[in-house]
Amino acid sequence: MKYNPAAFEAKWQKRWEESGIFRVTADTEKAKFYCLEMLPYPSGNIHMGHVRNYSIGDAVSRFKFMKGFNVIHPMGWDAFGLPAENAAKQNKRHPDEWTYANIDKMKGQLKKLGFSYDWSREIATCSPEYYKWEQMIFIKLWEKGLAYKKKSLVNWCPDCETVLANEQVEDGRCWRCSSQVKMKELEQWFLKITDYADELLDFTYRLPGWPEKVLVMQRNWIGKSVGAEVVFRVASSDEEITVFTTRPDTLYGATFMLLAPEHPMAKTLIAGTEYEKGGLDFINETAGQDKADRTDDKKKKGYFTGRCAVNPVTGEDMPIYIANYVLMDYGTGAVMAVPAHDERDFDFARVYGLPVRAVIEPEGGKLDGASMTEAYTGPGKLVNSGELNGMPYDEAKKKIIEILAEKGKARATVNFRLRDWGISRQRYWGAPIPFIYCEKCGTVPVPEKDLPVRLPENVNFGVQGNPLDGAEDFINVKCPKCGGPARRETDTMDTFMESSWYFLRYCSPRNDENIFDKKEADYWMPVDQYIGGVEHAVMHLLYARFYVKVLRDMGYLSFDEPFSNLLTQGMVCKETVKCPNDGWLYPEEVKDGKCVKCGAEAVKGRVEKMSKSKKNVVDPDALNDRYGADTIRLFSLFAAPPENEIEWSQNGVEGCHRFLGRVYRLACQNINYLKTEYPEPAFEGETAKKILRASHAAIKKVTADIERFQLNTAVSAIMEMVNTLYSVGGALETENDKAAFAWSLKALFKLIAPFTPHLAEELWEKAGFAPFVSKAEWPSFNEAYTVSDEINIVVQINGKVRSELRFPRDVSQDEAMEAAFADEKVKNHINGKTVVKKIFVPNKLISIVVK
RNA sequence: GCCCAAGUGGCGGAAUGGUAGACGCAGCAGACUCAAAAUCUGCCGCAGGCGACUGUGUGGGGGUUCGAGUCCCCCCUUGGGCACCA
């Protein structure tokens with residue numbers, strides 16, 4: 001009777017697969033539920049983060065399935081990307097071969113965990129049948145003007161030899177390899193995500209099923225600022241400079257102007273003057289720096305151009321400076337500086353001795369530009385502002401735009417921090433961008449009948465940069481328009497392109513007529529529950545939302561947002577150990593607290609996300625061999641709420657294993673009760689009542705807890721139920737007791753099915769029930785059984801618990817009060833004092849206030 | 001600097017404004033055993049007391065309330081995000 005999962009887990013995995021119970025088809029008669037976990041990159045091995053992610057998804061999916069939903073639960077592979085190409089360069093293995101071998105291996109690992117995927121819907125994003133549709137959509141985007149090419153300064157990673165999106169630059173370093181990112185000018189393909197900035201932002205207020213922190217991150221990323229563009233004339237010239245400002249109300253306080261070093265006017269203004277040489281030096285020094293260096297330097301630096309702009313309301317001259325902290329890619333690259341009311345401008349003014357004039361005064365305060373020690377950025381009324389004096393600042397914002405707009409010198413406008421999405425990658429292992437360059441016809445899309453543009457197989461990977469650049473057979477083509485000689489685009493697409501729509505492809509993964517079947521997508525989409533790591537809060541989730549909106553506007557889809565509910569699961573962490581000489585250590589490299597290599601004292605590091613480089617990983621496969629799939633799954637659900645970090649605990653895993661052994665023994669010891677036909681148990685007799693109360697309460701709590709993703713407390717509710725069944729197990733006297741026990745055991749098998757499905761199936765079979773428990777109906781509970789006949793009422797005196805009394809349920813206020821005041825302990829605490837107030841909470845407590 | 005979370009036993013964590021610490025881990029004791037492992041049962045915030053019990057306790061300080069881990073204000077700490085964004 002020993003719990004030995006190795007004896008049956010594989011059996012159930014095979015039976016689920018052979019019976020095809022998790023294969024689904026659209027059925028408009030049935031309510032659907034789309035449960036999706038973020039698709040993995042086929043690195044070669046699953047890690048504990050995957051296990052946790054998919055265990056959460058599987059519990060939800062199996063629960064909904066038992067609840068009667070038509071559940072779609074697909075899995076696939078985000079198969080393009082850099083590691084495959086690096087493997088090709090290092091090990092002379094083709095990326096294709098490397099990738100599919102990894103997929104094979106990882107698929108085997110996932111299957112050994114018993115997840116309820118519909119494998120018939122599996123996709124790999126690197127297959128031509130998949131990326132064909134991406135290419136088709138890309139051409140449509142180009143036709144609609146949403147995909148375009150431009151020469152631009154791009155973030156360039158010298159090690160990966162590729163362009164990075166802003167989102168892929170972390171602290172000025174490549175998100176993949178951590179090399180210092182440089183700026184480089186290149187012709188690149190972009191998607192106009194900025195056209196959708198407003199809508200993407202608006203909908204962050206219409207996604208109640210998303211965690212607030214993710215929505216906030218997206219809002220920050222989009223970064224909408226409402227303000228105005230104001231045109232300034234350059235003194236003694238016809239030139240004009242337009243600035244963007246969010247504070248047009250402070251225009252009277254604008255005492256100088258700043259230009260980004262890259263601003264075209266910067267060079268124009270100094271051309272042929274004594275400021276030219278110094279100015280050019282300054283521009284080269286600053287503009288050449290990559291963003292990281294420039295933003296590292298907190299010191300504001302500027303260079304006077306020798307020229308002035310004219311303040312359109314005061315008519316005063318404003319010296320124009322080139323400033324390092326002004327960025328060309330935000331706003332217009334030119335700033336009207338209001339030192340009195342902007343911290344950065346204030347610092348700059350103090351360094352260069354420029355005038356500070358306060359134009360907004362807070363209520364009850366007076367500001368003096370000459371003596372201010374910091375900028376005032378709060379609300380207030382206008383001063384030193386001519387006709388606008390005394391006006392509240394928010395009103396003045398509109399008024400000043402109106403006044404200048406009449407003269408054509410200003411307009412209200414909005415600016416976004418969000419940039420267009422650069423999708424060109426100088427890489428082999430990605431979806432080819434389906435365009436051809438012809439000298440006569442220019443940029444020509446590949447005709448739809450010629451799609452997909454397949455990656456050529458025979459290329460030389462032993463080169464620096466993009467292997468496709470050397471693939472002459474691939475590059476040299478005839479122009480589809482004129483038939484003349486032409487060259488193929490060799491850039492491939494950012495891999496975020498594939499993950500922006502894979503959830504749509506799952507709806508009809510083998511469709512060869514179109515990107516997906518609209519009917520199928522209309523039935524299955526949107527995703528009801530999306531689960532994945534919070535590290536995708538901005539990039540992936542924003543791109544996918546954008547993509548869906550674009551497809552909607554092309555008529556492919558009839559909804560706005562892809563993911564109704566989002567759960568961001570926490571990381572799986574473990575303690576690290578470091579040696580002062582040899583760096584991170586594996587646990588087996590430490591003996592008696594010392595490093596086995598050099599004998600130095602090993603230092604316990606912080607608890608950090610499991611990673612190979614920090615040598616604190618735990619291999620799911622090894623755990624599976626030792627404890628079985630159910631134990632790993634249970635631990636990753638029970639150790640903490642899904643959003644929290646899990647700190648790895650070997651003892652915790654063993655505790656879970658022990659619990660499953662307990663369930664196994666409980667079932668085996670009492671299996672005969674299940675093989676007997678009992679009538680429906682009656683809620684009578686002390687033992688039967690105790691059993692039924694425990695099981696119905698557990699059903700109630702587990703059901704509610706899964707719905708609200710409190711999987712850890714759902715598991716503990718099952719543990720409580722098991723504890724109760726153990727406590728009465730030996731004392732079943734009446735037939736009704738036995739009936740109640742049998743009923744409860746059967747319910748228990750169902751309750752554990754979403755969490756530990758193998759064990760549930762095994763016990764279900766042992767009891768002689770028809771397969772599968774996975775398909776069985778989720779148990780329901782009787783509310784009346786979940787409450788007890790007798791209750792404790794707590795007596796508080798002046799807010800402190802002083803006594804506890806036992807009553808029949810629903811005891812009346814009068815009766816309870818009488819008993820309370822007769823209670824010895826209560827009497828002692830009231831003793832001689834006056835009762836001021838009495839409060840009665842039915843079935844809970846009595847609160848007495850005395851003086 | 002700005003924005004968002006979160007601070008509860010030795011640990012992971014529970015608690016619709018109503019008995020703080022469910023469940024698990026670790027620990028302690030007992031049963032079974034020649035013995036050990038496994039298993040089962042019990043105890044387990046801190047301080048004082050043989051004890052019934054008393055005091056105290058959810059980062060700190062105020063407040064609302066008969067009653068606050070939970071609501072409000074201020075502060076501290078930690079984690080996450082953004083950062084010369086005009």
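Quick caveat, the model's predicted, so the values are computed rather than measured. So that the names make sense, note that chain A is the first sequence line, chain B the second, and so on, each numbered from 1.
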Give me the distance, rounded to whole Å, that separates [N] from [M] when you measure between the [atom1] atoms they each carry.
{"N": "B:U39", "M": "B:A26", "atom1": "P", "answer": "11 Å"}
{"N": "B:G10", "M": "B:C73", "atom1": "C1'", "answer": "34 Å"}
{"N": "B:A38", "M": "B:C76", "atom1": "P", "answer": "50 Å"}
{"N": "B:U65", "M": "B:A14", "atom1": "C1'", "answer": "25 Å"}
{"N": "B:A22", "M": "B:G30", "atom1": "P", "answer": "24 Å"}
{"N": "B:U77", "M": "B:G27", "atom1": "P", "answer": "36 Å"}
{"N": "B:C4", "M": "B:A86", "atom1": "C1'", "answer": "24 Å"}
{"N": "B:G9", "M": "B:C43", "atom1": "C1'", "answer": "15 Å"}

OP1 or OP2 of [N] under 4.0 Å from side-chain N/O of [X]:
{"X": "A:Ser225", "N": "B:A86", "value": "yes"}
{"X": "A:Gln710", "N": "B:A15", "value": "yes"}
{"X": "A:Lys213", "N": "B:C4", "value": "no"}
{"X": "A:Arg417", "N": "B:A83", "value": "yes"}

Donor-acceptor pairs under 3.5 angstrom involving side-chain atoms of residues 836-851 of chain A: please list them, not counting sequence neighbours.
unit_1, atom_1, unit_2, atom_2, d
A:Asn843, OD1, A:Asp810, N, 2.8
A:Asn843, ND2, A:Asp810, OD1, 2.9

How many Å lie between CZ on A:Arg344 and P on B:C84, as a whole number?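 After rounding, the reported distance stands at 9 Å.
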To the nearest angstrom, the NZ-C1' distance between A:Lys574 and B:G12 comes to 16 Å
Look at the side chain of A:Lys844 and the base of B:U16, then say whether one donor and one acceptor between them are separated by less than 3.5 Å.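 A donor-acceptor contact between them is present.
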| message | Does anything in residues 793-801 of chain A come within less than 4.0 Å of RNA chain B? Heavy atoms only, and list the residues if so. | response |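 Close to the strand are A:Val794, A:Gln796, A:Gly799, A:Lys800, A:Val801.
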Notebook entry, point to check: Within 45° of the six-membered ring axis of A:Tyr325 and under 6.0 Å from that ring's centre, is NZ or CZ of A:Arg344 located there?
Noted result: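 No cation-pi geometry.
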*Centre of A:Tyr205's six-membered ring, under 6.0 Å away, within 45 degrees of the axis: is that where NZ or CZ of A:Arg219 sits?*
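Flagged: A:Arg219 positioned over aromatic ring of A:Tyr205.
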With both distances under 3.5 Å as the test, what is the Watson-Crick or G-U wobble partner of [N]?
{"N": "B:A5", "result": "B:U78"}
{"N": "B:C11", "result": "B:G24"}
{"N": "B:A29", "result": "B:U41"}
{"N": "B:G67", "result": "none"}

Please tabulate, one pair per line, each protein N/O and nucleotide N/O from nucleotides 22-24 of chain B that are separated by under 3.5 Å, including the distance.
unit_1, atom_1, unit_2, atom_2, d
B:A22, O2', A:Glu720, OE1, 3.2
B:A22, O2', A:Glu720, OE2, 3.3
B:G24, OP1, A:Asn723, ND2, 3.4

task = Report the C-alpha distance between A:Met610 and A:Trp648 in whole Å, list the side-chain angles of each, state the deciding distance to 0.1 Å, and finish with yes or no for side chain to side chain contact (heavy atoms under 4.5 Å, CB included).
result = CA-CA 9 Å; A:Met610 283 188 181; A:Trp648 182 257; 3.8 Å; yes
Original post:
Side chain of A:Tyr325: nearest nucleotide among B:A15, B:C84, B:G18?
Top reply: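 Closest nucleotide to the A:Tyr325 side chain: B:C84.
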From the candidates B:U41, B:U54, B:C66, the one with an atom nearest any side-chain atom of A:His829 is B:U54
(Q) Any non-hydrogen side-chain atom of A:Met719 less than 4.5 Å from a side-chain atom of A:Phe659? (A)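 In contact.
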Name the nucleic acid region contacted by A:Arg708, choosing base, sugar-phosphate or nothing; use a 4.0 angstrom heavy-atom cut-off, strictly under.
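Sugar-phosphate only.
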